[in-house]
A.B. asks: 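Submitted below is the structure of interest, expressed as structure tokens.
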Number of protein chains: 2
Amino acid sequence: MTALPDPLLDRLAAVVGARHVLTGSADSAPYLNEPRGLFAGVARAVVRPGSTDEVAAVVRLCGETATPIVPQGGNTGLVGGQIPDRSGRELVLSTARLDRIREVDLDTQTMICEAGVTLKRAQDAAAAVGRLFPLSLAAEGTATIGGNLATNAGGTQVIAYGTARDLVLGLEVVLADGRIWRGLRKLRKDNTGYDLRHLFIGAEGTLGIITAAVLKLFPAPRSIETALVGVASPQAALALLGLVRAHAGAAVTTFEVMARICLDFVLAHIPGSRDPLAGTHSWYVLLEVSSPDPGGLRDVLEHLLAEAHGGSLIEDAVIADSLAARAALWRLRETVPEAQKPEGASIKHDVSVPLTAAPAFIAEASAAVEAVVPGSRVVPFGHLGDGNIHFNVSQPVGADTAAFLARWEEMNAAVHAVVARHKGSISAEHGIGRLKRALLPGVKDAVELDLMHAVKRALDPGGLFNPGKVL
Amino acid sequence: MTALPDPLLDRLAAVVGARHVLTGSADSAPYLNEPRGLFAGVARAVVRPGSTDEVAAVVRLCGETATPIVPQGGNTGLVGGQIPDRSGRELVLSTARLDRIREVDLDTQTMICEAGVTLKRAQDAAAAVGRLFPLSLAAEGTATIGGNLATNAGGTQVIAYGTARDLVLGLEVVLADGRIWRGLRKLRKDNTGYDLRHLFIGAEGTLGIITAAVLKLFPAPRSIETALVGVASPQAALALLGLVRAHAGAAVTTFEVMARICLDFVLAHIPGSRDPLAGTHSWYVLLEVSSPDPGGLRDVLEHLLAEAHGGSLIEDAVIADSLAARAALWRLRETVPEAQKPEGASIKHDVSVPLTAAPAFIAEASAAVEAVVPGSRVVPFGHLGDGNIHFNVSQPVGADTAAFLARWEEMNAAVHAVVARHKGSISAEHGIGRLKRALLPGVKDAVELDLMHAVKRALDPGGLFNPGKVL
């Protein structure tokens with residue numbers, strides 16, 4: 001069977017060049033499947049515009065032909081927001097070629113990155129001029145600034161610097177009518193009308209296509225102290241957080257936790273990993289304090305850990321005494337998801353609760369999981385400083401993988417019920433995408449959903465952008 | 001002449017109680033005129049609901065009768081956003097009776113304030129539990145949380161804590177259809193759909209009426225060091241800012257500047273003020289560093305001021321050595337607007353530019369002002385750390401006040417042209433209101449204005465909320 005010629009593709013090719021309109025399955029495959037294999041789609045084509053003007057021209061063509069557009073950055077999203085449906089009607093618009101760092105401006109402590117710049121390149125560009133771009137997350141080598149902003153990415157330094165939305169001064173966005181909102185402002189304060197930035201940030205490509213952003217730079221830390229702390233419980237971890245904040249305030253740049261089972265998995269499956277503490281502890285805190293001032297934090301950290309130990313708040317602690325030791329501590333935390341894989345299938349929850357509800361949430365959600373699939377292994381870790389727990393559940397030892405995964409929705413429901421009881425969020429940092437779209441009406445009241453629909457209709461009346469995602 | 005009976009007023013009285021529907025001119029006057037006397041309006045009535053439900057009922061009544069609503073907090077706004085027009089058709093909805101602090105939650109470091117709580121009361125409630133609510137501005141004794149959020153207020157600690165929008169986790173808002181969006185969430189991270197908070201914050205009451213908010217609390221500083229520094233120029237002040245940030249990072253909580261003429265006015269007109277520095281300097285920086293840790297900042301500050309002096313970056317400096325001395329330094333900065341009054345009329349500009357453009361802006365705008373009214377005295381001060389200058393212009397000595405004020409728009413235009421050249425904002429923190437509404441089309445491109453109108457139509461299709469303001 002030969003496919004009928006598609007006149008839209010010729011017109012797209014005239015805009016972006018024929019070699020940037022991908023239709024062959026080998027070329028398209030990387031854009032139609034996501035890393036975990038949960039979502040796979042079919043696209044009319046994958047188009048790779050090379051400039052904001054080309055994005056706008058593509059959007060206009062799609063508007064004329066009522067062709068839905070799925071914007072895609074580095075294709076690292078975990079909720080399927082960047083993957084087309086299986087109709088073959090949708091166009092994937094990859095921002096990969098919008099990969100210029102247009103400017104690094106030390107005067108205003110900003111840089112302008114196009115959407116397709118990877119987070120790692122943005123970080124490196126900041127570091128090259130002695131500055132910090134603090135957004136930091138596991139997929140940073142592949143994830144792009146555009147995707148980070150569209151999903152309001154979080155990561156490991158939110159406690160000090162906020163989520164992606166807090167790091168943006170201005171945006172350039174292609175709108176549903178094909179016009180370009182040129183909002184690349186560098187102002188720290190600007191009260192001239194509605195703040196449109198925050199509408200597009202976190203909207204997962206449903207309201208417009210972010211093509212570039214003015215990002216904030218920060219002084220590079222010149223002193224960083226990192227500790228791994230063994231504690232008896234999430235409660236103890238929270239008490240430690242209170243103590244650390246009281247002493248170090250804004251210098252607390254990371255406060256991650258993981259249960260012992262996370263460390264067990266890492267020690268079992270990640271080559272070269274070793275337990276830096278002599279004893280065994282139920283929970284671990286990866287704690288980092290940093291400052292642009294070169295001195296003084298080591299004393300602060302030692303002092304407060306001693307105080308915490310004296311008060312029986314913590315069981316043991318080690319402070320990294322070299323860059324290599326620091327990297328080793330970080331690897332223990334960062335390789336948890338990878339170390340989970342050899343343990344079989346896992347059902348994941350990216351949830352947040354008000355900070356102090358985290359211990360109760362973990363206890364209650366663990367019981368709920370056990371009730372659904374007895375023997376399930378709860379592998380909780382994450383950003384306790386933000387109330388954000390990656391509540392992952394590995395299958396029971398020796399269980400049937402398919403049978404375990406068949407309980408996905410049931411287990412989600414059980415965990416999300418606990419989240420709801422604590423007034424939490426079922427998507428702290430990954431977004432809604434397609435994975436959680438059906439859950440949204442259950443967690444939002446009708447008024448808020450109506451507001452979101454009203455905004456969607458106002459900005460994308462034709463439903464051109466990422467249909468079937470979020471709303 | 002006797003006014004005809006107004007059936008709406010009876011229905012409003014049935015909702016809020018007759019004594020909270022004000023129509024007499026003596027009762028209404030405080031709500032119809034603003035402190036500077038620039039705007040005075042006429043209202044069908046001033047209504048003072050006592051709860052969110054009452055606000056919603058009032059909005060529904062106004063919807064049914066197509067009665068426009070002007071929301072009002074503490075009536076301290078500087079752009080006329082809170083004052084009705086002169087038609088007598090509009091209802092002023094005062095949030096003054098929504099004055100409960102519903103909760104102070106140390107566990108989650110939040111508090112829930114209703115819209116009519118004054119900023120000072122919110123600050124005090126935080127201080128009473130050893131925490132900081134960092135929003136701080138001259139009108140804080142009268143200004144309310146609702147107004148602060150509706151205008152995205154700024155003030156003197158933005159450099160460390162952000163503007164009002166950065167201090168909010170959740171909102172409760174009465175919508176144009178009279179429904180209530182109950183969005184009082186306490187989550188630090190929540191990526192479940194569009195961020196609606198930031199639409200209502202800064203919208204100046206044109207999209208909904210904020211009735212309550214979840215506000216972030218911070219550790220109370222236990223060490224605060226305050227310095228007044230004499231420098232030769234705005235450039236030198238900026239260089240000092242760079243040095244201070246490099247040493248103290250997030251501990252820099254205030255970085256205000258004022259030109260010598262500001263200090264001259266204060267010394268001349270504010271009883272009890274005295275110049276704490278021996279010599280005379282062209283510019284002054286009021287610098288504060290603070291930390292929740294009780295020790296160490298004095299050394300940091302002395303060290304960096306010594307380094308700055310050694311490098312000829314600064315001319316002289318004094319560090320406050322008591323609470324009284326600190327208060328005296330702050331008074332020099334805070335009384336500038338008051339000290340301007342005896343010097344005659346002034347034409348004001350609340351502008352921001354990218355940080356490093358501030359010196360050029362001040363020089364060029366000063367020349368522009370001199371060209372419009374020779375002999376005008378430029379009295380610039382403000383939040384240099386945010387690029388926000390209050391570019392006030394006092395009339396020439398001995399000039400005719402009315403003749404000077406007649407040049408208001410012409411002088412605005414001249415200053416705003418310089419702002420535009422530096423890609424700045426004509427309203428850094430006061431908003432648009434009625435004062436700058438006519439200027440908005442000149443500073444926003446058509447695409448952005450269209451987006452704002454689309455959002456307005458989506459959320460307030462009947463144009464019920466604050467017509468004639470912002471858009």
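The figures that follow rest on heavy atoms only: side chains count, while hydrogens, waters and symmetry mates do not. Naming: A, B, ... by sequence-line order, numbering from 1 per chain. What you are looking at is a predicted structure, and each value in this text was computed from that prediction instead of being measured.
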A.B. asks: Is any side-chain heavy atom of B/Lys423 less than 4.5 Å from a side-chain heavy atom of A/Leu187?
C.D. replies: no

A.B. asks: How close do B/Lys189 and A/Asn388 get, heavy atom to heavy atom, and via which atoms?
C.D. replies: NZ-OD1, 2.7 Å

A.B. asks: Under 4.5 Å from any heavy atom of chain A, what part of B/Leu196 do you find: side chain, backbone, both or neither?
C.D. replies: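 Only the side chain of B/Leu196 comes within 4.5 Å of chain A.
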
A.B. asks: Is the shortest heavy-atom distance from the side chain of B/Arg197 to the side chain of A/His198 under 4.5 Å?
C.D. replies: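 No, their side chains stay 4.5 Å or more apart.
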
A.B. asks: In terms of heavy-atom proximity below 4.5 Å to chain B, should A/Val173 be classed as side chain, backbone, both, or neither?
C.D. replies: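 Answer is neither: A/Val173 stays 4.5 Å or more from chain B.
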
A.B. asks: Under a 3.5 Å distance rule, please check whether A/Asn191 uses its side chain to pair with a backbone N or O of B/Asn152 as donor and acceptor.
C.D. replies: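 Flag set: sc A/Asn191 to bb B/Asn152 pair under 3.5 Å.
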
A.B. asks: So, are A/Arg185 and B/Glu448 salt-bridged, with charged N and O less than 4.0 Å apart?
C.D. replies: yes

A.B. asks: Are the side chains of A/Leu207 and B/Tyr194 in contact, using a 4.5 Å heavy-atom criterion?
C.D. replies: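 The answer is yes; the side chains approach within 4.5 Å.
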
A.B. asks: With a 3.5 Å cut-off and no angle check, do the side chains of A/Thr192 and B/Lys444 form a donor-acceptor pair?
C.D. replies: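 Per modelled atom types, A/Thr192 and B/Lys444 side chains form a pair under 3.5 Å.
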
A.B. asks: Report the option among A/Ile159, A/Val470, A/Asp450 that has the most heavy-atom pairs separated by less than 4.5 Å from atoms of chain B.
C.D. replies: A/Asp450

A.B. asks: Which region of B/Thr110, side chain (C-beta onward) or backbone (N, CA, C, O), has a non-hydrogen atom less than 4.5 Å from a non-hydrogen atom of chain A, or is it both or neither?
C.D. replies: neither

A.B. asks: Kindly indicate whether the side chain of B/Val447, heavy atoms from C-beta on, has any atom under 4.5 Å from the side chain of A/Leu175.
C.D. replies: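 Result yes, sub-4.5 Å side-chain heavy-atom pair found.
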
A.B. asks: Below 4.5 Å, heavy-atom pairs only: which of A/Gly202, A/Ser425, A/Ala458 has the largest tally toward chain B?
C.D. replies: A/Ser425

A.B. asks: Between B/Gly249 and A/Pro292, which heavy-atom pair has the shortest distance, and what is it?
C.D. replies: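 That closest heavy-atom pairing would be CA-CG, 3.4 Å.
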
A.B. asks: Please rank A/Ala248, A/Ser352, A/Ala357, A/Ala250 by heavy-atom pairs under 4.5 Å with chain B and give me the top one.
C.D. replies: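 The option with the most such pairs is A/Ser352.
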
A.B. asks: Return the option, out of A/Glu429, A/Arg188, A/Lys186, with the maximum number of heavy-atom pairs under 4.5 Å with chain B.
C.D. replies: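 Between A/Glu429, A/Arg188, A/Lys186, the count favours A/Glu429.
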
A.B. asks: Is there side-chain contact between B/Leu355 and A/Gln109, with heavy atoms separated by less than 4.5 Å?
C.D. replies: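 No - every pair of side-chain heavy atoms lies 4.5 Å or more apart.
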
A.B. asks: Measuring heavy-atom distances to chain A, does B/Leu471 have an atom under 4.5 Å in its side chain, in its backbone, in both, or in neither?
C.D. replies: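 It is the side chain, since no backbone atom gets that close.
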
A.B. asks: Which heavy atom in A/Asp445 sits nearest to a heavy atom in B/Trp181, and how many Å separate them?
C.D. replies: OD1-CD1, 4.5 Å

A.B. asks: Counting only heavy atoms closer than 4.5 Å, note whether B/Pro219 contacts chain A via side chain, backbone, both or neither.
C.D. replies: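 For B/Pro219, side-chain heavy atoms alone lie under 4.5 Å from chain A.
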
A.B. asks: Give the minimum heavy-atom separation between B/Gly193 and A/Met452, together with the two atoms involved.
C.D. replies: CA-CE, 3.5 Å

A.B. asks: Heavy-atom pairs under 4.5 Å with chain B - which of A/Ala246, A/Ala454, A/Gly387 has more of them than the others?
C.D. replies: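 With the most close heavy-atom pairs to chain B, the winner is A/Ala246.
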
A.B. asks: Is chain B contacted by the side chain of A/Arg179, its backbone, both, or neither, given a heavy-atom distance below 4.5 Å?
C.D. replies: side chain

A.B. asks: Do the non-hydrogen side-chain atoms of B/Leu451 and A/Leu199 ever get within less than 4.5 Å of each other?
C.D. replies: no

A.B. asks: By a 4.5 Å heavy-atom criterion (distance strictly below it), what part of B/Val351 contacts chain A: side chain, backbone, both, or neither?
C.D. replies: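 No part of B/Val351 comes within 4.5 Å of chain A.
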
